[in-house]
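Below is one structure, written out as structure tokens, with a few remarks after it.
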Amino acid sequence: MSLTIALPHSFNFYATVTDHGWYRLSPFDFDHDKKVLSRVEELSTGKIVFVSIQHRLNSLIVDLEYIDDVLSPVEEQEIEEKIKWIFRLDEDFDRFYQLCQDIGERNGIIKQYRGRLLRSPSLFEDIVKTIFTTNTTWSRTIAMTNNFVTHLGKPYHLEKKLFSFPNVTTVVAKGEDYLKKHLKLGYRSTYIFELAQRIVSQDLDLEGLKHDVISTDQVIAQLKTIKGVGPYAISTILMLLGRYDYLPIDSDFKKHVRMKYFSGVSPSQQEMKQLYDQWGEFKYLAYWFDHD
DNA sequence: GTCCAGGTCGCGC
DNA sequence: GCGCGACATGGA
């Protein structure tokens with residue numbers, strides 16, 4: 001069966017999927033030729049669904065495959081909510097486009113309706129993946145995510161190695177030693193295990209942080225309590241939550257501004273930040289699309 | 001073997 | 001508040 005989800009006027013499917021690297025991380029899979037984004041999704045009822053998403057006219061067409069039984073309306077609705085979330089259909093980029101107009105159009109942002117960056121259905125998944133990007137290379141990030149998903153995710157198709165992103169209960173049940181021995185996450189094993197444990201024990205409510213009524217300061221205060229999440233990760237996670245006012249001051253950011261604005265000479269932290277001050281609540285996106 | 005990657009933690013001052 | 005070594009892993 002399939003679902004049809006209406007899209008806002010300003011929507012660019014290809015840009016939303018590929019302007020950020022997340023689509024290359026399991027369980028996401030993107031078929032560049034067919035322009036189909038797919039992933040295995042575990043619903044809160046426990047049902048495992050293979051979801052394929054493509055763009056048709058002013059809608060997303062979502063094909064759903066599952067082993068047996070049927071999907072209830074509630075389950076269909078859960079899938080729809082998740083898809084709206086990962087494509088940020090509720091976010092408004094008009095103010096960002098206005099700033100681009102005022103400050104300077106770059107890389108076809110306005111014309112191509114760029115700005116949306118793909119994210120994961122759950123904040124747990126996004127935080128795990130963010131931790132997998134710290135102090136390592138992108139190829140290791142891909143490998144760590146693959147290991148995590150194939151060892152702990154629920155299978156949809158074993159031969160094709162299609163699994164859902166692991167849920168927190170599974171991570172806790174498998175135990176920290178299992179993560180350390182088999183997943184090659186390095187010292188991150190402890191962080192991931194502790195994070196899952198805190199969610200299971202309801203010491204931490206990540207999904208609650210998705211709501212706009214919570215102030216960014218409150219979100220930051222919560223994120224700071226997560227081991228393995230420092231300034232760079234906080235900035236990245238805030239971006240994933242649709243809050244773009246914090247810059248990710250990491251090696252890549254420093255290299256970018258050094259080469260583009262300071263002729264290869266390292267500027268001070270203050271000088272770096274000032275570059276994007278005029279972008280106000282959209283500093284992160286301004287930096288992100290500042291690359292060629 | 002050594003160094004380091006889109007950092008962060010825990011310590012000592 | 002700041003500086004510094006340690007941290008798992010694999011590729012250069």
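No experiment lies behind these values; they were computed from the predicted model shown. Protein chains get the first letters and strands the later ones, always in sequence-line order, with residue 1 at the start of each.
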In whole Å, what separates the P atom of B:dC11 from that of C:dA8?
15 Å
Take the protein atom CG of A:L223 and the nucleotide atom C1' of B:dG7, then report the distance between them rounded to whole Å.
16 Å
With no hydrogens and no angle check, is any side-chain donor or acceptor of A:R116 less than 3.5 Å from a backbone partner on A:E91?
yes
Is any side-chain N or O of A:Y187 under 3.5 Å from a base N or O of B:dG7, one able to act as donor and the other as acceptor?
yes
Where does the chain A footprint on DNA chain C start and end, counting 5' to 3' with a 4.0 Å heavy-atom cut-off?
C:dC7 to C:dG10
Between C:dG3 and B:dG6, how many Å separate the two P atoms, rounded to a whole number?
24 Å
In whole angstroms, how far is the C1' atom of B:dT8 from the CD1 atom of A:I192?
13 Å
Quick check: do A:R188 and A:T134 have side-chain heavy atoms less than 4.5 Å from each other?
yes
Figure out the CD1/C1' separation between A:I127 and B:dG6, and round it to whole Å.
17 Å
On DNA chain C, does the nearest nucleotide to A:S139 precede the nearest nucleotide to A:N135 from the 5' side, or the other way round? Give the residue.
A:N135
Within-4.5 Å side-chain heavy-atom neighbours: A:F50 and A:S38
yes
NZ/NE/NH1/NH2 to OD/OE distance under 4.0 Å, A:D19 and A:R114:
yes
Looking only at atom types and distance, does a side-chain atom of A:R106 sit under 3.5 Å from a main-chain N or O of A:A286, one as donor and one as acceptor?
yes
Is it true that the side chains of A:S189 and A:E176 contain a donor and an acceptor less than 3.5 Å apart?
no
Side chains of A:D29 and A:L37, heavy atoms from C-beta outward: is any pair under 4.5 Å?
no
For DNA chain B, find the residues of residues 240-275 of chain A with a heavy-atom distance under 4.0 Å and give them by number; none if there aren't any.
A:D250, A:S251, A:D252
Atom-to-atom span, OH of A:Y191 to P of B:dT8 - whole angstrom:
10 Å
Quick note, A:T134 side chain, CB onward, closest among B:dC9, B:dG7, B:dG6 is B:dG7
Tell me, please, whether A:F132 has A:K129 positioned over its six-membered ring: NZ or CZ under 6.0 Å from the ring centre and within 45 degrees of its axis?
no
Pick base, sugar-phosphate or nothing for A:Y284, based on heavy-atom distances below 4.0 Å to the nucleic acid.
nothing
Protein-nucleotide distance (A:E194, atom CD; B:dT8, atom C1'), rounded to Å:
13 Å
With a 4.0 Å cut-off on heavy atoms, is A:A143 in touch with a base, just the backbone sugar-phosphate, or nothing at all?
nothing
Rounded to whole angstrom, note down the C1' distance from B:dC9 over to C:dG10.
22 Å
Whole-Å gap separating P (B:dG6) and NE2 (A:H291)
12 Å
Are side-chain N/O atoms of A:E41 and A:S164 paired as donor and acceptor at under 3.5 Å?
no
Pick base, sugar-phosphate or nothing for A:I226, based on heavy-atom distances below 4.0 Å to the nucleic acid.
sugar-phosphate
Starting from the 5' end of DNA chain B, give me the residue, A:W138 or A:K224, whose nearest nucleotide shows up first.
A:W138
Would you call A:E281 and A:R95 a salt bridge, using N to O less than 4.0 angstrom?
yes
